[in-house]
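Shown next, in structure tokens, is the structure this report addresses.
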Amino acid sequence: MRQRTRTKRSLRTKLSSAILIIVLLTIAIISFLSNYFLNRQFTSYIARQQDIKAQVITSSISQQYSMETGQWNMNYIYAIGMNSLYEGYIIRVYDSNHNVLWDALSHDMELCYQIMDDISHRMELEYPQLHGEFQATDYPLSQNGQTIGGVSISQFGPFFMNENDFIFLRSMNTILISVGLISLAVSVIVGHLLAKRISKPILKTVEMTKQIEEGRYEVRLQEDTDTLELDRLMGSINHLAASLQRLEKLRKQLTEDVAHELRTPITVLQSYIEAMAEGLWEVTPERLESCYEEALRIGKLVGDLEKLSKIESESLKLNKSNFSLHHVLDKTVRSMEKELQEKQLEVEITGPRVMLYADEERMKQVAVNLINNAIKYSKDGSRITIQTFEEQVKVGFSVIDKGIGISGEELPFIFERFYRADKSRNRASGGSGIGLTIVKAIVEAHGGVVMVQSEPMEGSIFTVTLPRG
Ligand code: ADP
């Protein structure tokens, strides 16, 4: 299969180019629109101005006629004519009998053609698609409603611009281009800074993540950027680092604990067997029995560890079914008949006969561990009560003993791996400190909780609560 290789660009480059493209597009659209509308507005303004100019010329010339004398003020007509000529209007004035009073062309033909050439040339250059030409329009001259003559005004149509108009347009365009260039420069700088600001914490995060990757789990990111998503990302990474740190600590702790737990029985075994092998000690059944007990202890410890690791790694694979809790508890108690008799303990199972939807084998393990502890730590001849209960959404049972109890300082730790309250006492009782860890793992895998209440020398109550299946 052909694989497409994607070019990777840094976030900063991507952000900067995205901002730049947006700004360029905006500037292009604004320039195009403003240019288009400015031109359209300006040309229509110019055309309007030309009409007004023609009217002004007509009325100024009309005023140069005196009704009383029937004479024209030729000096003024000449002045108006020349003035108009310089502005691009070639006029011819005639009286009511069509006698020409003043004609720009005959006055100074050369100047007229030069001005006409100038205008045509300029307009052709700036507006080649206009195809304009000089057109003459006749306007009547009147005074008090009486026609006194006429004026023919020849101008470049449909519109034309004089030098000043072009200067105005050019300066407008220069302003537009300058605004565009300044916005472009500003956007490049702002885009660059913005991209840097956004990518900086990401780069920092990547750097920190690398440190975590290298095993420095204590590293934490400062979640104080002004971007919500970045803060969330950092939060998740911090959480991940904390979990890894916890796991790493647990792993180290576990190795230490296992080594520690194995050291004592192995040392005992080693020294006993060594002494017997070297003939320092006589091989007696009692000594062999001691060795056997130590070997058993190691076997139990390894077995417990195996169980625990299985539960922890397969916590999601529960083989759930419906079964009677009462039945499981009853069977467990009966399997411990020997130990109960040895300590002359009485066991009573009370409470409703509840049905559980859970992993029966695992729940049996919970019952075994809790009842076993109750037997181990009970005073001889006392009573153990196992009480089932059933609430709306919860079911469970409590194992109540009248034993030695657990002190308040030790209570928070008893569910931890290898934790044994009063170590010397427990070595004698054969405990490895894993039983309650297994109980907790199984109960939590079922979505339940295990709680303990205890009073030293009074007894303990271990309560397992499970959600109703
Ligand atoms: P162990 O195999 O040592 O009993 P557990 O994990 O079952 O390990 O128990 C941890 C510690 O909690 C025990 O060493 C003991 O000190 C204490 N403990 C547990 N159950 C009881 C109980 N019913 N009465 C008094 N102490 C208890």
Side-chain angles (χ1 to χ4, degrees), residues 250 253-254 256-258 260-265 293-312 329 332-333 335-336 339-340 342-349 362-387 396-445 449-465:
L250 252 170
Q253 179 80 42
L254 184 66
E256 257 171 47
D257 287 348
V258 171
H260 178 80
E261 290 302 315
L262 287 175
R263 195 180 304 126
T264 323
E293 268 173 21
E294 291 304 328
L296 270 188
R297 199 190 295 278
I298 298 172
K300 187 176 179 299
L301 176 71
V302 173
D304 279 352
L305 277 174
E306 253 173 13
K307 264 186 222 152
L308 183 62
S309 90
K310 212 165 163 208
I311 293 158
E312 284 178 338
L329 294 172
T332 312
V333 170
S335 71
M336 295 172 181
E339 291 88 341
L340 288 168
E342 271 173 16
K343 292 186 88 172
Q344 295 156 2
L345 298 170
E346 257 182 62
V347 180
E348 184 192 14
I349 304 177
R362 300 257 157 89
M363 286 319 292
K364 207 187 261 167
Q365 181 74 56
V366 170
V368 167
N369 289 8
L370 289 181
I371 298 169
N372 206 0
N373 278 350
I375 296 172
K376 258 196 297 190
Y377 303 112
S378 274
K379 289 172 210 151
D380 285 5
S382 65
R383 171 188 282 262
I384 296 171
T385 312
I386 303 169
Q387 169 116 43
F397 66 97
S398 299
V399 179
I400 307 157
D401 67 60
K402 297 276 167 243
I404 55 169
I406 307 156
S407 70
E409 301 95 71
E410 297 190 291
L411 219 44
F413 308 107
I414 56 165
F415 291 101
E416 279 179 17
R417 235 175 275 247
F418 299 118
Y419 189 84
R420 289 180 307 212
D422 189 355
K423 306 251 166 171
S424 55
R425 167 186 97 197
N426 276 284
R427 220 185 112 65
S429 66
S432 61
I434 298 179
L436 285 181
T437 318
I438 293 177
V439 168
K440 190 168 178 243
I442 294 177
V443 172
E444 285 181 354
V449 280
V450 53
M451 283 181 295
V452 58
Q453 289 163 266
S454 191
E455 242 347 286
M457 303 323 288
E458 293 278 323
S460 315
I461 306 174
F462 283 85
T463 305
V464 170
T465 311

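Both counts, for ligands and for their atoms, begin at 1 and track the order of listing. All residue numbers in this chain count up from 1 along the given sequence. What's counted below: heavy atoms across the whole structure, side chains too, no hydrogens, waters or symmetry copies.
- Remark: ligand 1 and Tyr377 share an N or O pair separated by less than 3.5 Å (distance only, no angle test).
- Atom numbering of ligand 1 starts at 1 in the shown order; those under 4.0 Å from a heavy atom of Lys376 are 1 (P), 2 (O), 4 (O).
- Between Lys307 and Gln365 the shortest side-chain heavy-atom distance falls below 4.5 Å.
- Proximity to Ser460 (heavy-atom distance under 4.0 Å) selects the following atoms of ligand 1: 22 (C), 24 (N), 25 (C).
- Contacts with ligand 1 closer than 4.0 Å are made by side-chain heavy atoms of Ile406 only, the backbone lying farther away.
- Checked by distance only, ligand 1 and Lys300 stay at 3.5 Å or farther apart across all their nitrogen or oxygen atoms.
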For this session: List the steps, then state whether side chain to side chain contact (heavy atoms under 4.5 Å, CB included) holds for Val450 with Thr463.
Result: CA-CA 6 Å; Val450 53; Thr463 305; over 6 Å; no
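- Of the listed residues (Val347, Ile400, Thr332), just one forms a side chain to side chain contact (heavy atoms under 4.5 Å, CB included) with Ile386, and that residue is Val347.
- Within the 4.5 Å cutoff, the side chain of Ile406 has heavy atoms near those of the Ser460 side chain.
- Contact analysis puts Gly433 in contact with ligand 1, with a non-hydrogen atom separation below 4.0 angstrom.
- Shortest non-hydrogen contact noted between Ser454 and Gly459 is OG-O, 3.3 Å.
- Scanning both residues, Tyr377 and Lys343, for their nearest heavy atoms gives N-NZ, 4.4 Å.
- Taking the charged nitrogens against the carboxylate oxygens, Glu293 and Arg297 have no contact shorter than 4.0 Å, which rules out a salt bridge.
- When non-hydrogen atoms are compared, ligand 1 lies under 4.0 Å from neither the backbone nor the side chain of Phe415.
- At least one N or O atom of Gly435, backbone or side chain, sits closer than 3.5 Å to an N or O atom of ligand 1.
- Of all atoms in ligand 1, listed by their number and element, those nearer than 4.0 Å to a heavy atom of Ile434 are 6 (O), 8 (O).
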For this session: Determine, stepwise, if the pair Glu348 / Ile384 fulfils side chain to side chain contact (heavy atoms under 4.5 Å, CB included).
Result: CA-CA 6 Å; Glu348 184 192 14; Ile384 296 171; over 6 Å; no
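- Near Leu436, the atoms of ligand 1 lying under 4.0 angstrom from a non-hydrogen atom of the residue are 5 (P), 6 (O), 7 (O), 9 (O), 10 (C), 12 (O), 19 (C).
- Under 4.0 angstrom from ligand 1, there are no non-hydrogen atoms of Glu410.
- Here the shortest heavy-atom distance to atom 12 (O) of ligand 1, taken over Ile438, Ile371, Ile414, belongs to Ile414.
- Counting only distance, with no hydrogens or angles, the side chain of Asp304 and the backbone of Ile434 share no donor-acceptor pair below 3.5 Å.
- At a heavy-atom distance under 4.0 Å, no atom of Val399 approaches ligand 1.
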